[in-house]
Amino acid sequence: MRNVQVSVDVFQSIWAARKPGQDSEDAILRGVFGLKPAEEPNRDMTVTVGFYDPRYGVEIPNGFEIFRKFKGKTYKAQAIQGFWVLGRTSYPTLNELNKSLGGGAENAWKAWWYRDDKGRRRPLSDLRDQNTIIRRSA
């Protein structure tokens, strides 16, 4: 298997071309190009993760929304298929998402927020395993 990065609109178009029984991008594209179905399914769509960061033990569900206010504007992004999606662009890391706004060096885990199950605003850093965070000494 090879990874291919595509824009959000191309990703949506791939899934719009889906036929019954095609449960992965590979299966959909095999149908588009007239290729034989793969012997084994490539991915179980029921266990797909929105975003996973093994360094901090963070597994975020697909569609999970985060937000931040930067220079007076509120930005919202979603975790989709291992990327952070903001508008029509996807970013493989939280830091790349954060840099796309034009800010300087900062801790992206503390700059972005989410709403917990009770609707309270929480920093995204709360989702990290606190034992995995390396703190700089002064």
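Here the structure is a predicted model, which means the values were calculated and not measured. Numbering starts at 1 and runs along the sequence shown.
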J.: Test your reading of the model: is there a side-chain donor-acceptor pair from Gln22 to the backbone of Lys19, 3.5 Å cut-off?
T.: yes
J.: Going only through I, L, V, M, F, W and Y residues with side-chain contacts under 4.5 Å, is there a path from Val6 to Leu29?
T.: yes
J.: Determine, using the 4.5 Å side-chain heavy-atom cutoff (strictly less than), whether Phe33 and Phe11 are members of one ILVMFWY cluster.
T.: yes
J.: How many angstroms lie between atom CG of Leu127 and atom CD of Glu59, to the nearest 0.5 angstrom?
T.: 11.5 Å
J.: Is the shortest side-chain heavy-atom distance between Gln5 and Phe83 below 4.5 Å?
T.: yes
J.: How long is the straight-line distance from OH of Tyr75 back to CG of Leu86, given to the nearest 0.5 Å?
T.: 8.0 Å
J.: Do the side chains of Trp109 and Asn98 get nearer than 4.5 Å, heavy atoms only?
T.: no
J.: Any chance you could measure Ile28, atom CD1, to Trp15, atom CH2, to the nearest 0.5 Å?
T.: 4.0 Å
J.: Assess whether atom CZ of Arg115 is packed by more than 12 heavy atoms of other residues, nucleotides or ligands within 6.0 Å.
T.: yes
J.: Are Tyr91 and Lys99 close enough that some pair of their side-chain heavy atoms sits under 4.5 Å apart?
T.: no
J.: Heavy atoms, side chains only, cut-off 4.5 Å: are Tyr114 and Asp126 in contact?
T.: yes
J.: Could you report the tightest heavy-atom contact between Thr89 and Val8, atom names first, then the distance?
T.: N-CG2, 4.1 Å
J.: Whether the Ser7 and Asp9 side chains hold a donor-acceptor pair (N or O, under 3.5 Å, no angle test) is what I'd like checked.
T.: yes
J.: Contact between Leu124 and Val58 at the side-chain level, heavy atoms closer than 4.5 Å - yes or no?
T.: no
J.: Nearest 0.5 Å please: distance from the OG atom of Ser125 over to the CH2 atom of Trp113.
T.: 7.5 Å
J.: Closest heavy-atom contact between Ala79 and Phe51?
T.: CB-CB, 3.8 Å
J.: Quick one: does Leu97's side chain get under 4.5 Å of Ile66's, heavy atoms only?
T.: yes
J.: Could Arg68 and Glu106 be called an ion pair, given the rule that one side-chain N must be under 4.0 Å from one carboxylate O?
T.: yes
J.: Give, for atom CD1 of Ile80 and atom OG of Ser90, the distance between the pair rounded to the nearest 0.5 Å.
T.: 9.0 Å
J.: Any non-hydrogen side-chain atom of Trp112 less than 4.5 Å from a side-chain atom of Leu94?
T.: yes
J.: Using side-chain heavy atoms (C-beta onward) and a distance below 4.5 Å, is Trp84 in contact with Ile60?
T.: yes
J.: Under 3.5 Å, side chain of Gln78 to main-chain N/O of Glu65, donor-acceptor pair present?
T.: no
